[in-house]
Amino acid sequence: MYLQDIMWWFTAFIGLSTCNRVYVHPFNLLTYNKSECENIQFHDHSAEMFFPTAIESKNADENNFKLQRNLETGHIGTTESYLISIINSVSFRAVAGWWKLSKTDSILIPYTDFFRTMVSFYLGASGNTSNSLQTFLGLEDKSGSTNCTSKVNGFKVISTLQNIDTFLFSKDSNINTLRTVCMFVSPNVPLSKKFVHGLTLTAHNFYVRTVDFKDSTKAIKLINDFLDSKLPANAISGLNSIDVNADFMYISHVQFKGKVANSFLLPKRQSFWTEPNKTVLVPMIAVSGIFQFTEDRTANQLIIKISLSDNDFLLLVQPINGNTLENIESSMNWNTYQEWVNGLSKRSRYINLSLPKLKIERSYNIQDLLPSLEVSELLGKNADFSKMSKTSIKVGKVINTIDFELEESVADPHEENDVPPTKEEPLEVMINRPFILALCEGTTKSLLLLGRVVYPTNII
């Protein structure tokens, strides 16, 4: 009986332990816990400040505030998956907004970078501005609680984003990515060291400098010269105006260079129809192989997947049978993208594919977008950024810049492809009209870039 009693109590203990397990929503893993809340007010008011180096200085030591980025290890868990779903939802709203603001030009939005930028400002926000930014970022507490423990900890979000980066930044030789962030602040405005330290984890290269915005002509030249010295070679800074009443400017630059494996450049430029009755001659890449694709004659669109690495791939969507990009964009939402990806897995075929060699550089001021999303006050003149500085700050331009290149892998066009033989006749596909482009990461299902290509090589 004694042994039976022991076994009964052991079984009961295991059952109770299992029943007492409490599911923790991933949102709660990004919020302040009780011990953090007890000290948060003290730490915010006693935050150490510093004055950044002048933009003219040649002796700035970035290591004074730079923290080490860790892009070598990582695991996509519940919290990361939850945040990725939030990023996808919030950033798609931005893309839809830009499509409406610019209906005829090429648009390529650095999808995840938009979310990082808004999280950066959340990190420095207080009061109602912090609450509004948290809601905009899709990270509000659904229970309606207003306690400290319902507030998202921006540093935890940035740390989670860094972990996601281990998958987004491919180490494949066909992929080259680089993110640079530059912040400019008035000479008389100190910045919180805690705030700046947190942001160093959001970029490969991070710089903060002071500049006098009131002398606009000189400030524009100094900032452009600085960007030219810090951004990748041949990147276009192109700043042509500033807000003279601003105290703070934020610029992020994302560079992406990808090569289509086993591809080569066609010897002659080919016609690309920018409009139904207008063409331009552009360099074209040719590649043959097995591709996942869908020719949807109901929706009148052709969708093709082009792998760039083990994880990263391009999704190209081109209207057919008289359909237009405007028609596709008008009905497109996040579910549409998922349907495109899921539909591709059902069919693959040997294709002789020709597509434009791409060189697209675009710059977007987020301040122009926010009014169309009915949230112009988020970064407006009355916004509270007291966690950024003890001095009241007025935010000027908030710029996301993308430098995207897609090129051939310089493979010998006469070299045989390692493609399994097939009895099916090759399908000839030429992407020679405006199309939607999505750059995706397969493991996390994240979008890195999304937009439309009307002019493949910066022809405006």
* To do: Look at the rings of Phe404 and Phe256 and say which category their plane angle falls in: under 30° parallel, 30 to 60° tilted, over 60° perpendicular.
  =>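 Parallel: the ring planes of Phe404 and Phe256 meet at under 30°.
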For [Y], is there any backbone N or O sitting under 3.5 Å from a side-chain donor or acceptor partner on [X]?
{"X": "Asp247", "Y": "Lys394", "value": "yes"}
{"X": "Gln162", "Y": "Thr202", "value": "no"}
{"X": "Ser91", "Y": "Ile87", "value": "yes"}
{"X": "Gln301", "Y": "Asp296", "value": "no"}
{"X": "Gln255", "Y": "Asn176", "value": "no"}
{"X": "Ser102", "Y": "Trp98", "value": "no"}
{"X": "Ser159", "Y": "Phe155", "value": "no"}
{"X": "Asn327", "Y": "Asn323", "value": "no"}
{"X": "Asp312", "Y": "Leu308", "value": "no"}
{"X": "Tyr122", "Y": "Val152", "value": "yes"}

* Option among Phe248, Phe226, Tyr207 that satisfies the ring-ring contact (aromatic ring centres under 6.0 Å, His included) test with Phe184 ->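 Checked Phe248, Phe226, Tyr207 against Phe184; only one passes ring-ring contact (aromatic ring centres under 6.0 Å, His included): Phe226.
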What's the shortest heavy-atom distance between [X] and [Y], and which atoms?
{"X": "Asn224", "Y": "Leu239", "result": "ND2-O, 2.7 Å"}
{"X": "Ala125", "Y": "Thr129", "result": "CB-CG2, 3.8 Å"}
{"X": "Pro110", "Y": "Leu449", "result": "CA-CD2, 3.5 Å"}
{"X": "Ser120", "Y": "Tyr250", "result": "OG-OH, 3.7 Å"}
{"X": "Met183", "Y": "Phe206", "result": "CE-CZ, 3.6 Å"}
{"X": "Phe195", "Y": "Leu123", "result": "O-CD2, 3.8 Å"}

Say whether [X] and [Y], considering side chains only, have a donor N or O and an acceptor N or O under 3.5 Å apart.
{"X": "Thr336", "Y": "Asn333", "answer": "yes"}
{"X": "Thr79", "Y": "Lys156", "answer": "no"}
{"X": "Lys151", "Y": "Ser130", "answer": "yes"}

Any side-chain heavy atom of [X] sitting closer than 4.5 Å to one from [Y]?
{"X": "Val185", "Y": "Pro52", "answer": "yes"}
{"X": "Met284", "Y": "Pro356", "answer": "yes"}
{"X": "Thr401", "Y": "Glu361", "answer": "no"}
{"X": "Leu191", "Y": "Met388", "answer": "yes"}
{"X": "Ile303", "Y": "Trp340", "answer": "yes"}
{"X": "Arg93", "Y": "Val90", "answer": "no"}
{"X": "Thr117", "Y": "Asn400", "answer": "yes"}
{"X": "Leu325", "Y": "Ile436", "answer": "yes"}

State the [atom1]-[atom2] distance between [X] and [Y], to the nearest 0.5 angstrom.
{"X": "Asn163", "Y": "Ile158", "atom1": "CG", "atom2": "CD1", "value": "14.0 Å"}
{"X": "Phe435", "Y": "Leu314", "atom1": "CZ", "atom2": "CG", "value": "8.5 Å"}
{"X": "Ile55", "Y": "Ser229", "atom1": "CD1", "atom2": "OG", "value": "8.5 Å"}
{"X": "Leu266", "Y": "Glu408", "atom1": "CG", "atom2": "CD", "value": "10.0 Å"}
{"X": "Leu450", "Y": "Ile107", "atom1": "CG", "atom2": "CD1", "value": "10.0 Å"}
{"X": "Phe213", "Y": "Ile242", "atom1": "CZ", "atom2": "CD1", "value": "6.0 Å"}

* Centres of the Phe92 and Tyr111 rings: under 6.0 Å? ->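 No.
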Could you tell me whether [X] and [Y] have a side-chain N and a carboxylate O separated by less than 4.0 Å?
{"X": "Glu407", "Y": "Lys257", "value": "no"}
{"X": "Asp403", "Y": "Lys359", "value": "yes"}
{"X": "Arg362", "Y": "Asp105", "value": "yes"}
{"X": "Lys194", "Y": "Glu48", "value": "no"}

* Apply ring-ring contact (aromatic ring centres under 6.0 Å, His included) to Phe136 and list each qualifying residue two or more places apart in sequence or on a separate chain. =>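 Expected list: none.
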* Asked: Are Met249 and Ile223 close enough, and set up right, to give a side-chain contact (heavy atoms from CB on, under 4.5 Å), and what steps lead you there?
  -> CA-CA 10 Å; Met249 179 185 293; Ile223 292 173; 4.2 Å; yes
* To do: Could you give me the CA-CA distance, side-chain angles and deciding distance for Phe115 and Ile86, then say whether side-chain contact (heavy atoms from CB on, under 4.5 Å) is met?
  => CA-CA 9 Å; Phe115 189 85; Ile86 296 295; 3.9 Å; yes
